[in-house]
Amino acid sequence: MATATTQPDGTPGQQPVGTQPPPETMQFPDTPKFREFFAPSRIEADVYDLEVEGCIPPELNGAFYRAAADTQYPPRFPNDVYINGDGVIHMVRFDNGHADLKTRYVRTQRFQLERAARQALFGAYRNPYTDDPSVAGIDDGNANTSIIWHAGKLLALKEAALPYELDPATLETKGVYDFSGQIPGRTFTAHPKHDPRTGELIAFAYNASGLPDKQIHIHEISADGKVTRSQTFEVPYSSMVHDWLVTRDHFVFTISPMVADPEQMKTEEQYFVWDPNQGTYVAIIPRDEGVSGIKWFRSEQLLETHTLNAWTDGDTLVGDHFVTKSGWFSQFPKTTVGFLPEQPPFLHRWTFDLTQGASHWDDATDTYRSEKLLSSPGDMPRVDPRVLMEKNRHAWVGGMHPDVPMAEIGPMGPPFNSLIHRDDSTGATAFWTPGEHAAPEEPVFVPKSADADEGEGYLLALVGRRDQMRHDLAILDALDIAAGPIATVKIPFRLRYGFHGTWVPGSELGK
């Protein structure tokens, strides 16, 4: 596959790679991904009794965890992607109106080898041909994308590697977790889905060999951590599959032309390349029947970024997710057709007729009905986790209020300036904007109680205060976010911009 190598300004990009020497000095590149508010923070800290503006609701007894990529050493490639940074976990522990902060790096094998060498040893994202020879064959997982709680274990996830288990109180790294040897291969999704009815964890893995291939593996894991079924199916080409939709009855995968080529990796550092000559497909797999019942649909060319929720009603499947009509060029700018501008994602509802579909992608002609649910772009969606896999009324996303100035452009593309609540029963939306120089990150929903109605609870979201070079953690009434924070937990330093988080009740933490 021939590629045109360009940067967003149209200048030539870095050319074919070999083993890249480490930087000569302990100095990060002067690029947007490593500059100013987005520079590595590299802080491990304990801060007890954070300052609080307002009052923390007494129902908040538990821990908010969030994963981020915080590069510990200057990268071997100056244009290294932001998502290649070392995993760091931020925890805010709530108890009796108090909030304590703990931040720790995940002690991955990669982290420990580079810490001992005092320099970067692993090269470009997921490309072993760019690593230092001293780490040849060693897993480069950095546990930086999301964090989940399952079967009493806190797991830091990266889709390019297996999970790492952490101590939920101290954040001490316990090691790689492969579900007691039940997960073969080297990868595991950063977006598994919890089935609230059964307590199961539904997961998948792609490129499990560590190099691009055409297999996707699906794993169903019981509430107590036992793998009850694993199965594999083949896709048209090796695609980036970051997220997926799961209903009570079906798995849904979108296969988009963000392509990885094992031969190309030997000469070019970038792992994924946007190839608009490839088709876009949707695979729907019945959970009971498994991959033998797969049905393939065609799609317009697009990329799924993150999913909100999905449900099945008879012969109709409905899925809500964010999609964009471009590749993720802020991280992977190379394409097969030269420079292309990145398009923002929008929330869409797809509706499938399950009586249609083909058994093989080559025969797929049927498509789906698509409806845009929000007029403004956004991403990082959440629902009340108790209603996953069934029709939800309430949803929250990071997004853009059209009448509010946008914060400075960040290394992941345009940042959010607002959080948005959408009521599906009315279509009404409400916004909360933290200020001109502030950008909220992914919201996390916490119910007021186990038996509270859907949406009755709190929304937690970190907010980057760009003009103050620090973060807040905002606590909002989930059904009245426009009223502003009930409480603001003030973090006295800057965290690095992060990705996905979760909430674990104090009762499950043993306190």
Side-chain angles (χ1 to χ4, degrees), residues 13-29 31 33-34 38-42 44 67-89 104-146 156-164 173 175-178 185-188 190 205-212 240 260-262 264-273 331-332 334 411 496 498-499:
Q14 196 155 4
Q15 289 301 309
V17 298
T19 300
Q20 194 83 350
E24 295 181 359
T25 63
M26 185 61 199
Q27 185 173 0
F28 288 92
T31 67
K33 298 180 181 68
F34 296 97
F38 297 99
S41 170
R42 303 194 300 153
E44 294 188 291
D70 203 341
T71 310
Q72 71 163 333
Y73 285 106
R76 298 171 73 84
F77 292 89
N79 292 322
D80 196 28
V81 298
Y82 192 92
I83 59 174
N84 202 27
D86 295 286
V88 65
I89 304 301
R104 293 289 188 276
Y105 274 108
V106 183
R107 261 59 181 181
T108 62
Q109 189 176 15
R110 166 183 174 146
F111 177 95
Q112 294 186 91
L113 288 169
E114 293 188 336
R115 174 65 63 89
R118 291 183 177 266
Q119 65 179 25
L121 299 173
F122 294 86
Y125 172 80
R126 297 178 79 163
N127 189 336
Y129 303 109
T130 64
D131 295 345
D132 186 270
S134 67
V135 295
I138 296 175
D139 181 31
D140 70 346
N142 47 20
N144 68 13
T145 307
S146 67
L157 306 181
K158 176 78 172 185
E159 68 195 58
L162 290 170
Y164 271 80
T173 302
V176 174
Y177 188 71
D178 61 1
R186 298 178 60 169
T187 64
F188 189 87
Y206 74 100
N207 294 356
S209 67
L211 291 173
M240 181 174 75
D261 183 332
Q264 182 172 290
M265 289 167 55
K266 296 176 181 178
T267 56
E268 296 190 20
E269 78 275 12
Q270 184 171 301
Y271 190 79
F272 290 115
V273 172
Q331 297 299 296
F332 304 106
K334 295 177 186 176
R496 206 172 194 219
F499 307 124

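Distance CZ/R42 to CG/D86: 10.5 Å, rounded to 0.5 Å. From R186, atom CZ reaches atom CG of D178 across 13.5 Å, with rounding to the nearest 0.5 Å. To the nearest 0.5 Å, atoms CZ (F34) and OG1 (T71) are separated by 4.5 Å. Between the CZ atom of F111 and the CG atom of D70 there is a distance of 9.5 Å, given to the nearest 0.5 Å. F122 contributes atom CZ, which lies 6.0 Å from atom CD of E114 (distance to the nearest 0.5 angstrom). Atom CG of D80 sits about 9.0 Å away from atom CD of Q331, to the nearest 0.5 Å.
Side chains of Q264 and V273 form a contact here, defined as non-hydrogen atoms less than 4.5 Å apart. Between Y105 and Q112, every side-chain heavy-atom pair lies at or beyond the 4.5 Å cut-off. Within the 4.5 Å cutoff, no side-chain heavy atoms of M26 are placed close to those of R118. At a threshold of 4.5 Å between non-hydrogen side-chain atoms, the residues Y206 and M240 count as touching. Put simply, the side chain of F499 reaches to within 4.5 Å of the side chain of Y82, judged on heavy atoms. In this structure the side chain of Y125 reaches within 4.5 angstrom of the side chain of I83, judged on heavy atoms. When side chains are defined from C-beta on, L157 does not count as touching T145, because their heavy atoms never get closer than 4.5 Å. For the pair E269/Y129, no side-chain contact is recorded, criterion being any heavy-atom separation below 4.5 Å from C-beta on.
At distances below 3.5 Å, not a single donor-acceptor pair connects side-chain atoms of R496 with backbone N or O atoms of A68. When atom types are taken as modelled, the side chain of T31 and the backbone of N79 share no donor-acceptor pair closer than 3.5 angstrom.
Among all heavy-atom pairs drawn from G141 and A161, the shortest one is CA-CB, 3.4 Å. Considering all non-hydrogen atoms of both residues, F28 and P74 come closest at CE2-N, 3.5 Å. When all heavy atoms are compared, the tightest approach of Y164 to A143 is CD1-CB, 4.2 Å. Between R104 and E44, the shortest heavy-atom contact is CA-OE2, 3.5 Å. Contact record, P75 with A120: CA-CB, 4.4 Å, taken as the closest heavy-atom pair. Annotation for A208 and T187: closest pair CA-OG1, 3.3 Å, computed over non-hydrogen atoms.
With a 6.0 Å cutoff to the six-membered ring centre and a 45° limit on the axis angle, R126 does not count as a cation-pi contact of F272.
Between N84 and Y271, the side chains place no donor N or O within less than 3.5 Å of an acceptor N or O (distance only, hydrogens not considered).
Residue pairs meeting the side chain to side chain donor-acceptor pair (under 3.5 Å) criterion with at least one member in residues 134-144, sequence neighbours excluded, are D132-S134, N142-N144, N144-K158.
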